[in-house]
Amino acid sequence: MLQKKICMLGSFSVGKTSLVRRFVESIFSEAYHTSIGVKVDKKVVRVNDEDVTLVLWDIHGEDVYQKIRMSYLRGMSGYLLVVDGTRNQTLDDALALNERVIQEGGKVPAILVFNKSDLVDTWEVDSARESDLAAAGWNILRASAKTGDSVEKAFSQLAAAMLIE
């Protein structure tokens, strides 16, 4: 059986852990728990008639005080770059992080996930900016860990892209 390492990347409090918990355990909790270091989960998915074990590395959020250790990314087959759609700054931070990831580890399949789509009334990320990013080649999904909307799709699309690489 194939095994692929996926890293969850983004700022603090964008919902990386919530997306993993929704995907692996079908659970959502309103309680916020800061990730410290890395938490690893696994889930077997079926891609193109083949079972693939996704090893999900939920890495702590990055901010001005704490940068992600690039050593966490070794062996990564792909990543979800998670943004909180209600906080525009998390997109700028994610794109800067993405540049560092590419410089350190090269280019691997990635999906830009705008999380918290259930909070559309407080959405800050401009749709024109999303369109520009899509035109630049980003695979973009709006998702909600709370409702489960597009969570499975994000991981499935990434898994499929990793098998093509």
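What you see is a predicted model, and the numbers here were worked out from it, not measured in a lab. In this chain, numbering begins with 1 at the start of the sequence shown.
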Which atom names give the shortest non-hydrogen contact between V24 and K42, and what distance separates them? CG1-O, 4.0 Å
Considering non-hydrogen atoms only, spot the tightest contact between I6 and Y79 and give its length. CG2-CA, 4.3 Å
Answer yes or no: are there more than 12 heavy-atom neighbours, outside N48 itself, under 6.0 Å from its atom CG? no
For K16 and I59, work out which heavy atoms get closest and say how close. CE-O, 3.2 Å
Where do D84 and V125 come nearest, in terms of heavy atoms and distance? O-CG2, 4.4 Å
Look up atom CZ in R22 and atom OG1 in T147, then write down how far apart they are to the nearest 0.5 Å. 7.0 Å
Is it possible for you to check whether K43 lies under 6.0 Å from the centre of the six-membered ring of F23, through NZ or CZ, and within 45° of that ring's axis? yes
Quick check for you: to the nearest 0.5 Å, what is the distance between I140 atom CD1 and S131 atom OG? 7.5 Å
For L91 and F114, run side chain to side chain contact (heavy atoms under 4.5 Å, CB included): C-alpha distance rounded to whole Å, both residues' side-chain angles, the deciding distance at 0.1 Å, then the answer. CA-CA 9 Å; L91 176 56; F114 288 92; 4.1 Å; yes
Do L19 and V120 share a hydrophobic cluster, counting only Ile, Leu, Val, Met, Phe, Trp and Tyr and linking them when any side-chain heavy atoms are less than 4.5 Å apart? no
Reported CG-to-CG distance for the pair L141 and L80, which is rounded to 0.5 angstrom: 9.0 Å
For D126 and A128, indicate whether the former's side chain and the latter's backbone hold a donor-acceptor pair under 3.5 Å. yes
Please find the pair of heavy atoms, one from K5 and one from L73, that lie closest to each other, and give the distance. NZ-C, 3.9 Å
Check whether any side-chain heavy atom of K4 lies under 4.5 Å from a side-chain heavy atom of L163, and answer yes or no. yes
Report, as yes or no, whether the 6.0 Å neighbourhood of atom CZ on R129 holds more than 12 heavy atoms from other residues, nucleotides or ligands. yes
Where A159 and V45 come nearest, the two heavy atoms and their spacing: CB-CG2, 4.4 Å
Only one of S18, S150, S117 forms a side chain to side chain contact (heavy atoms under 4.5 Å, CB included) with S144, so which one is it? S117
In Å, rounded to the nearest 0.5 Å, how long is the span from CD of Q103 to CE of M70? 9.5 Å
Under 4.5 Å between side-chain heavy atoms, hopping through other hydrophobics if needed: is there a path connecting W57 to I102? yes
So do the side chains of Y72 and H60 get within less than 4.5 Å of each other, counting heavy atoms only? yes
Side chains of M76 and V101: closer than 4.5 Å at any heavy-atom pair? yes
Hphob cluster co-occupancy, V14 + L119, side-chain heavy atoms under 4.5 angstrom: no
Interatomic distance, CG@L158 vs CG@N139, rounded to 0.5 Å, equals 8.5 Å
Between L54 and V52, is there a side-chain heavy-atom distance shorter than 4.5 Å? yes
With a 4.5 Å limit on heavy-atom distance, are the side chains of E124 and T86 in contact? no
Can D93 and R87 be counted as an ion pair, charged N to O under 4.0 angstrom? no
Side chains of T17 and D58: donor-acceptor distance under 3.5 Å anywhere? yes
Value for CG (L112) from CG (N115), rounded to nearest 0.5 Å, stands at 11.5 Å
